[in-house]
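Along the sequence shown, residues carry numbers from 1. Source: prediction; values computed, not measured.
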Amino acid sequence: MSQATRDAILQQVRQTLEARLALSDQIPQLAEDVCRILERTVPWYDWVGIYLVEGDELVLAAWSGPAATEHVRIPIGQGICGAAAREGQTIIVPDVRQDSRYLQCFLSTRSEIVVPIRQDEDVIGEIDIDSDELAAFDEKDRALLEWLASELAERLPHHRASAA
Ligand code: SME
């Protein structure tokens, strides 16, 4: 797939997400719709999930893909998901077979991106996407998903009152 085609797909999915975000803020329906839009619109997004932080675990809140994952609760610090939550930074893994942190869900997965959903300094959840292509994710995926994470952060219940 050419870079121009990839860019056009990401632009299209952003417009679809903007329209959905404008419709209603009701979680969990919004989380489910966002997962479905991403997975069905972007061919290299093979499994899309949203995890929310509960205590010291990530709990799967919504997902879209060909199969359910067994990893519905992930301790913060475990897996790529747990590492991204602990660090509060997006992690792109171009080849999951080369990353010792990787927790396998699907045999077909080759690469993964995990984008934290943050309210101020607190990680309250994350967007996790698996791809069956090697090195499927680039800076444009990161930009789209970090924008989406900030939109979701505004709509999720506040994790805790500001310290101020
Ligand atoms: N691969 C993830 C676990 C979640 S599944 O991809 C849905 C990880 O390493 O944390």
Exercise. Would you call Gln104 and Phe106 a side-chain contact if the rule is heavy atoms closer than 4.5 Å?
Worked result: no
Exercise. Considering residues at least two apart in sequence or located in another chain, which fulfil the side-chain hydrogen bond (donor to acceptor under 3.5 Å, both in side chains) criterion with Gln3?
Worked result: Asp7
Exercise. Is any side-chain heavy atom of Met1 closer than 4.5 Å to a side-chain heavy atom of Pro43?
Worked result: yes
For this session: Taking the side chain as every heavy atom from C-beta outward, state whether Arg6 and Asp141 have any atom pair closer than 4.5 Å.
Result: yes
Show which side-chain atoms of residues 107-116 pair as donor or acceptor with protein atoms under 3.5 Å away, not counting sequence neighbours.
unit_1: Ser108; atom_1: OG; unit_2: Asp132; atom_2: OD1; d: 3.1
unit_1: Arg110; atom_1: NH1; unit_2: Leu107; atom_2: O; d: 3.2
unit_1: Ser111; atom_1: OG; unit_2: Glu133; atom_2: O; d: 2.6
unit_1: Ser111; atom_1: OG; unit_2: Ala136; atom_2: N; d: 3.2

Exercise. Could you give the distance from CD1 (Ile129) to OG (Ser131), rounded to the nearest 0.5 Å?
Worked result: 9.5 Å
Exercise. Can you name the residues that form a side chain to side chain contact (heavy atoms under 4.5 Å, CB included) with Ser150, not counting sequence neighbours?
Worked result: none
Exercise. Quick one: are His158 and Gln119 in side-chain contact, heavy atoms under 4.5 Å?
Worked result: yes
Problem set entry | Straight-line distance of Ile117 CD1 to Ile50 CD1, nearest 0.5 Å | 5.5 Å
Problem set entry | salt_bridge(Asp99, Arg101) N-O dist < 4.0 Å | yes
For residues 52-68, tabulate all N or O donor-acceptor pairs below 3.5 Å that involve a side-chain atom, not counting sequence neighbours.
unit_1: Glu57; atom_1: OE1; unit_2: Arg73; atom_2: NE; d: 2.8
unit_1: Glu57; atom_1: OE1; unit_2: Arg73; atom_2: NH2; d: 3.1
unit_1: Ser64; atom_1: OG; unit_2: Glu39; atom_2: OE1; d: 2.8

Exercise. Is the closest side-chain donor-acceptor distance between Trp47 and Asp128 under 3.5 Å?
Worked result: no
Problem set entry | Nearest non-hydrogen partners of Thr69 and His71, listed with the distance | OG1-N, 2.9 Å
Pairs under 3.5 angstrom only: tabulate donor-acceptor contacts from the side chains of residues 26-35 to other protein residues two or more places apart or in another chain.
unit_1: Gln29; atom_1: NE2; unit_2: Asp33; atom_2: OD1; d: 2.9
unit_1: Asp33; atom_1: OD1; unit_2: Arg36; atom_2: NH1; d: 3.3
unit_1: Asp33; atom_1: OD1; unit_2: Arg36; atom_2: NH2; d: 3.3
unit_1: Asp33; atom_1: OD2; unit_2: Arg20; atom_2: NE; d: 2.6
unit_1: Asp33; atom_1: OD2; unit_2: Arg20; atom_2: NH2; d: 3.1

For this session: Please name the pair of heavy atoms, one in Ala153 and one in Ile124, separated by the smallest distance, quoted to 0.1 Å.
Result: CA-CD1, 4.5 Å
For this session: Just jot down the ring pair (Phe, Tyr, Trp, His ring centres under 6.0 Å) partners of Phe137, sequence neighbours excluded, or say none.
Result: Tyr45
Exercise. About how many Å separate CG of Leu17 and CH2 of Trp147, when rounded to the nearest 0.5 Å?
Worked result: 5.0 Å
Problem set entry | Atom CD of Glu87: over 12 foreign heavy atoms under 6.0 Å | yes
For this session: For the residue pair Asp130 and Asp46, establish whether any side-chain heavy-atom pair is separated by less than 4.5 Å.
Result: no
Exercise. Does CZ in Arg97 sit with more than 12 non-hydrogen atoms of other residues, nucleotides or ligands closer than 6.0 Å?
Worked result: no
Exercise. For the atom pair CG (Leu148) and CG (Leu38), what is the distance rounded to the nearest 0.5 Å?
Worked result: 6.0 Å
Exercise. Between Arg86 and Val123, does a side chain to side chain contact (heavy atoms under 4.5 Å, CB included) hold up when you go through it step by step?
Worked result: CA-CA 8 Å; Arg86 192 176 50 199; Val123 175; over 6 Å; no
Seminar exercise, completed: Correct closest heavy-atom pair for Pro94 and Leu134 would be O-CD2, 3.5 Å
Exercise. How long is the span from the CZ atom in Arg142 to the CG atom in Leu144, to the nearest 0.5 Å?
Worked result: 12.5 Å
Exercise. Between Thr41 and Gln12, do the side chains contain an N or O donor and an N or O acceptor separated by less than 3.5 Å?
Worked result: no
